[in-house]
Amino acid sequence: MGGAEFEIETRSLAKHFGDVRALDGLDLSIGRGELFGLVGPDGAGKTTALRILSGIMDPTSGEAYVAGISVNRDPEAVKDKIGYMSQRFGLYEDLTTLENLLFYADLYEVTRKERPAIIERLLGFSNLTPFKDRLAGALSGGMKQKLGLACALIHTPEILLLDEPTNGVDPVSRRDFWKILYDLLKEGVTILITTAYLDEAERCGRVGLLNEGKLIVVDTPKNIKNSLGAPMVEIATHAVRAVEKLVRPLGGVLKVTAYGDRIHVALESMDRLGGVIAVIKDNGLPVEGSREIAPSLEDMFISLVERK
């Protein structure tokens with residue numbers, strides 16, 4: 001039996017496809033009412049984890065519990081407790097917004113008596129009321145994602161499993177989508193979201209960094225960023241690649257990562273910065289500015305992956 005204090009729990013969860021280990025001993029515990037982000041690049045195992053937790057896919061080994069129910073032994077019972085939104089959520093584009101909601105109400109056996117109030121609330125919740133008679137195929141990408149979320153919520157689940165729900169969505173729609181998630185959190189819904197966007201991971205209460213099927217670290221975004229244990233500076237330059245190559249082997253430089261027209265440099269101490277800048281300039285390369293910064297989650301993810 002899974003721990004009663006956790007809404008989602010996995011123990012040594014593994015999934016192999018031939019020689020490929022999509023998940024390799026995943027141990028994860030997510031508390032009730034938590035917003036947890038599973039973060040990693042394509043192929044890290046995020047989608048596989050959600051498919052197992054939703055009862056769609058059987059694990060190769062290990063155990064998974066959702067709402068205290070064993071996914072291994074009773075996957076159908078799990079489906080009543082969750083709302084699952086896959087990367088390509090199954091909206092019917094030739095049905096209207098309202099008809100899609102009614103279709104999912106049928107699938108989840110929501111009673112006729114309950115439907116009007118639930119649908120009215122979900123339409124208002126997602127700002128889709130003005131578009132209830134519009135064909136789903138005519139909705140924008142952001143609206144489709146909100147409709148997908150509304151359909152996943154039609155049976156009032158206690159747990160939401162969202163697989164990269166904002167992938168390819170414009171920034172304004174992403175912001176609106178996250179506002180809806182925060183409102184759900186206030187209602188006590190437990191949310192597990194996968195994302196490749198590290199700026200989105202910053203919005204989560206805790207995150208798990210997943211790479212090649214293995215969890216590298218689980219903690220709050222703040223604690224992960226503070227774990228670098230070294231100062232970091234940002235150097236602006238129009239010769240990023242040349243500066244990166246020059247700075248990387250210097251004494252006192254621990255880590256160098258390029259971002260557009262800037263590089264992030266982790267140093268043994270801030271005393272090293274003057275020497276680094278001097279070397280860049282002595283080699284005839286431009287420096288538009290430099291400043292101390294807090295490491296980003298992306299800095300930490302790259303650093304942790306390289307350490308492993």
Side-chain angles (χ1 to χ4, degrees), residues 8 34-42 44 46-51 53-54 56 79 81-108 110 115 118-187 189-205 207 210:
I8 298 171
E34 186 172 5
L35 172 53
F36 189 97
L38 198 57
V39 184
D42 291 343
K46 306 186 300 296
T47 295
T48 300
L50 259 63
R51 285 178 177 169
L53 290 170
S54 63
I56 295 173
K79 292 175 185 178
K81 300 288 186 180
I82 66 167
Y84 172 58
M85 189 172 166
S86 63
Q87 288 183 22
R88 294 184 178 180
F89 194 78
L91 293 175
Y92 291 86
E93 300 208 340
D94 56 344
L95 297 180
T96 66
T97 295
L98 180 58
E99 287 168 342
N100 269 283
L101 286 166
L102 289 169
F103 174 76
Y104 277 92
D106 282 338
L107 278 184
Y108 285 110
V110 179
R115 289 183 189 189
I118 292 174
I119 288 174
E120 183 181 358
R121 176 178 178 274
L122 289 173
L123 287 171
F125 201 54
S126 55
N127 295 319
L128 287 172
T129 302
F131 309 100
K132 66 180 182 179
D133 296 320
R134 182 175 294 185
L135 290 177
L139 296 173
S140 69
M143 285 183 184
K144 285 180 180 176
Q145 292 301 85
K146 288 192 282 188
L147 176 54
L149 181 59
C151 290
L153 292 168
I154 194 73
H155 59 306
T156 319
E158 60 185 78
I159 299 167
L160 264 181
L161 304 176
L162 307 175
D163 194 7
E164 299 198 17
T166 60
N167 189 26
V169 174
D170 68 90
V172 173
S173 295
R174 282 174 66 191
R175 183 195 63 200
D176 292 344
F177 194 91
W178 274 91
K179 182 181 183 301
I180 294 171
L181 295 190
Y182 284 140
D183 288 340
L184 290 168
L185 269 187
K186 293 173 186 174
E187 297 180 7
V189 177
T190 302
I191 302 172
L192 170 56
I193 183 170
T194 71
T195 182
Y197 296 127
L198 288 159
D199 62 315
E200 287 195 342
E202 302 257 10
R203 302 169 181 252
C204 299
V207 297
L210 191 68

ring-ring contact (aromatic ring centres under 6.0 Å, His included) partners for Tyr197, two or more places apart: none

Test item: Val169 and Phe177 side chains (from C-beta on) under 4.5 Å apart, heavy atoms: no

Side-chain (His155) to main-chain (Lys81) donor-acceptor, under 3.5 angstrom: no

From Leu192 atom CG to Leu50 atom CG, the distance as rounded to the nearest 0.5 Å: 5.0 Å

Heavy-atom closest contact (Ala136 atom, Asn100 atom, distance): CB-ND2, 3.5 Å

Distance in Å, Leu161 CG paired with Arg51 CZ, rounded so as to fall on 0.5 Å steps: 13.0 Å

Min side-chain heavy-atom separation Ile180-Leu184 under 4.5 Å: yes

Heavy-atom pair with the smallest gap, counting every atom of Cys204 and Phe36: SG-C, 4.2 Å

Side chains of Asp42 and Glu164 in contact at under 4.5 Å (non-hydrogen atoms): yes

pair Leu128-Met143: side-chain heavy atoms closer than 4.5 Å: yes

Short side-chain to backbone donor-acceptor contact, Lys46 and Leu38, under 3.5 Å: no

Heavy-atom pair with the smallest gap, counting every atom of Lys146 and Asn127: NZ-CB, 4.4 Å

Closest non-hydrogen atom pair, Pro157 against Ala152: CG-O, 3.6 Å

Distance-minimising heavy-atom pair for Val39 and Ala201: CG2-CB, 3.5 Å

Rounded distance [0.5 Å steps], CG in Asp176 versus CG in Leu181: 11.0 Å

Residues that Glu200 engages under side-chain hydrogen bond (donor to acceptor under 3.5 Å, both in side chains), provided they are two or more places apart: Thr166, Arg174, Trp178, Thr195

side-chain contact (heavy atoms from CB on, under 4.5 Å) evaluation trace for Leu149 with Phe125: CA-CA 10 Å; Leu149 181 59; Phe125 201 54; over 6 Å; no

Residue of the set Leu95, Val110, Ile119 for which side chain to side chain contact (heavy atoms under 4.5 Å, CB included) holds with Leu102: Ile119

Pair Gln145-Ser173, side-chain hydrogen bond (donor to acceptor under 3.5 Å, both in side chains): steps then yes or no: CA-CA 9 Å; Gln145 292 301 85; Ser173 295; over 6 Å; no

Distance, nearest 0.5 Å, that separates CG of Leu153 from CZ of Arg121: 8.0 Å

Over all atoms of both residues, closest heavy-atom pair of Tyr84 and Ser54: CG-CB, 3.9 Å

Geometric class of the Tyr92/Tyr104 ring pair [parallel <30°, tilted 30-60°, perpendicular >60°]: tilted

Glu34 CD to Ile159 CD1 distance, which is reported to the nearest 0.5 Å: 11.5 Å

Residue of the set Ile118, Thr97, Leu147 for which side chain to side chain contact (heavy atoms under 4.5 Å, CB included) holds with Leu123: Thr97

Leu122 CG to Thr129 OG1 distance, which is reported to the nearest 0.5 Å: 10.0 Å

